[in-house]
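One structure is given here, and the rest of the page talks about it.
Please read all numbers here as calculations on a predicted model, not as lab measurements.
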Amino acid sequence: MAAETAPLLTSGGVDQRPRHVAIIMDGNGRWAADRGWPRLVGHRRGAERVKQIVRACPDLGVNWLTIYAFSTENWKRTTEEVLGLMKIFRRYIQYEAEGMAAEGVRLRFIGGRDRLDDKLRALMSSIEARTAGNTRLNLTVAINYGGRDELTRASARLAQKIVRGEISQPTEADLTACLDTAGHPDPDLVIRTSGETRISNFLPWQAAYAEYEFTPTLWPDFTPDHLAQILDRFGLRERRFGGV
């Protein structure tokens with residue numbers, strides 16, 4: 001059941017809703033360890049939580065949701081955990097494709113795809129194409145994503161354009177157009193669960209002016225009500241973007 005919504009107002013009485021929320025979904029492994037269960041149990045429970053948050057977002061006024069599923073650094077984990085996570089990703093895409101299409105969710109992926117297996121890449125491309133016309137919620141999943149890696153790849157694309165003579169004096173907009181997130185609005189709000197207070201290489205360019213919220217709640221326990229409360233607090237912030 002989606003959390004009830006209420007107008008989000010700034011001190012000046014202006015409706016201020018975050019159009020784009022990005023989430024670092026942290027704490028799956030600790031959630032499982034606290035219960036004496038394998039880490040993959042926590043990741044499976046975390047995937048179930050994703051479905052609930054995705055369904056709640058439109059009713060909460062969120063049009064864009066970006067979630068950090070697997071970083072470029074996560075390959076350092078045990079082979080068992082990495083393979084288990086990739087299996088969870090494949091199952092999630094396979095079994096959620098129909099529901100997302102029916103509920104108006106557009107699903108896209110960011111991150112380098114070169115290290116992902118062929119079946120997963122094919123599933124990703126298939127659901128991207130299938131949901132391309134949906135507009136109720138834009139869901140972006142970061143898999144094999146790292147902000148520095150993205151900026152490195154974007155810089156190479158930009159350099160190629162300069163060599164081809166397409167661009168003479170590159171601007172911020174030119175680099176932005178070469179990012180994985182080209183065409184996406186920048187996040188207004190970045191949330192990290194589990195109590196950690198670092199951004200872990202997540203959207204460093206895009207989130208330059210985002211508001212941040214760090215919550216001690218582990219991701220499998222993060223409910224739509226938790227999200228609604230954070231959105232309420234966001235509505236009380238005064239965002240000046242360097243002005244006065």
Q: Kindly give the heavy-atom pair with the smallest separation between Gly42 and Ala32, and that separation in Å.
A: N-CB, 3.6 Å
Q. Will you find, in the side chains of Glu150 and Gln206, an N or O donor that is under 3.5 Å from an N or O acceptor?
A. yes
Q) Distance-only, no hydrogens or angles: does the Glu213 side chain make a donor-acceptor pair with backbone N or O of Val190 under 3.5 Å? A) no
Q | Trp31 six-ring centre to Arg45 NZ/CZ under 6.0 Å and within 45° of normal | A | no
Q) Any sub-3.5 Å donor-acceptor pair from Ser200's side-chain atoms to Phe202's backbone N or O? A) no
**Q.** Lys/Arg N to Asp/Glu carboxylate O, Asp26 vs Arg192, below 4.0 Å
**A.** yes
Q.
Strictly below 4.0 Å, N to O, side chains only: are Arg17 and Asp232 in salt-bridge contact?
A. no
Q) Does Pro220 offer a backbone N or O that forms a donor-acceptor pair with the side chain of Arg49 under 3.5 Å? A) yes
Q: Evaluate the side chain to side chain contact (heavy atoms under 4.5 Å, CB included) criterion for residues Asn138 and Trp64: first the C-alpha distance (whole Å), next the side-chain angles of each, then the deciding distance (0.1 Å), finally the verdict.
A: CA-CA 5 Å; Asn138 291 276; Trp64 292 77; 3.3 Å; yes
Q.
Using only atom types and a distance under 3.5 Å, with no angle test, would you say the side chain of Gln16 pairs donor to acceptor with the backbone of Leu236?
A. no
Q. So among Ile53, Val54, Leu60, which one has a side chain to side chain contact (heavy atoms under 4.5 Å, CB included) with Cys57?
A. Ile53
Q. Quick one: do Arg130 and Glu96 make a salt bridge, cutoff under 4.0 Å?
A. no
(Q) Please check: side-chain N/O of Asn201 versus main-chain N/O of Gly146, any donor-acceptor pairing under 3.5 Å? (A) no
Q. Do we see a donor-acceptor contact under 3.5 Å between the side chains of Ser194 and Arg30?
A. yes
Q: Would you please test Gln160 and Glu166 for side chain to side chain contact (heavy atoms under 4.5 Å, CB included) and show each step?
A: CA-CA 9 Å; Gln160 291 173 359; Glu166 299 173 15; over 6 Å; no
Q) Going by an N to O cut-off under 4.0 Å, is there a salt bridge joining Asp117 and Arg121? A) no
Q. Where the side chain of Thr152 meets the backbone of Arg148, is there a donor-acceptor pair that is under 3.5 Å apart?
A. yes
Q) Quick one: does Asp174's side chain have a donor or acceptor within less than 3.5 Å of a partner on Thr171's backbone? A) yes
(Q) Please check this pair: side chain of Thr181 against backbone of His184, looking for a donor-acceptor N/O pair closer than 3.5 Å. (A) no
(Q) Closer than 3.5 angstrom, by distance alone: can the side chain of Asn144 be matched with the main-chain N or O of Arg113 as a donor-acceptor pair? (A) no
**Q.** Donor-acceptor contact below 3.5 Å, side chain Thr131 vs main chain Leu107
**A.** yes
(Q) Can you tell me how far apart OG1 (Thr193) and NE2 (His226) are? Round to the nearest 0.5 Å. (A) 10.5 Å
Q. Ion pair present between Glu81 and Arg39, side-chain N to carboxylate O less than 4.0 angstrom?
A. yes
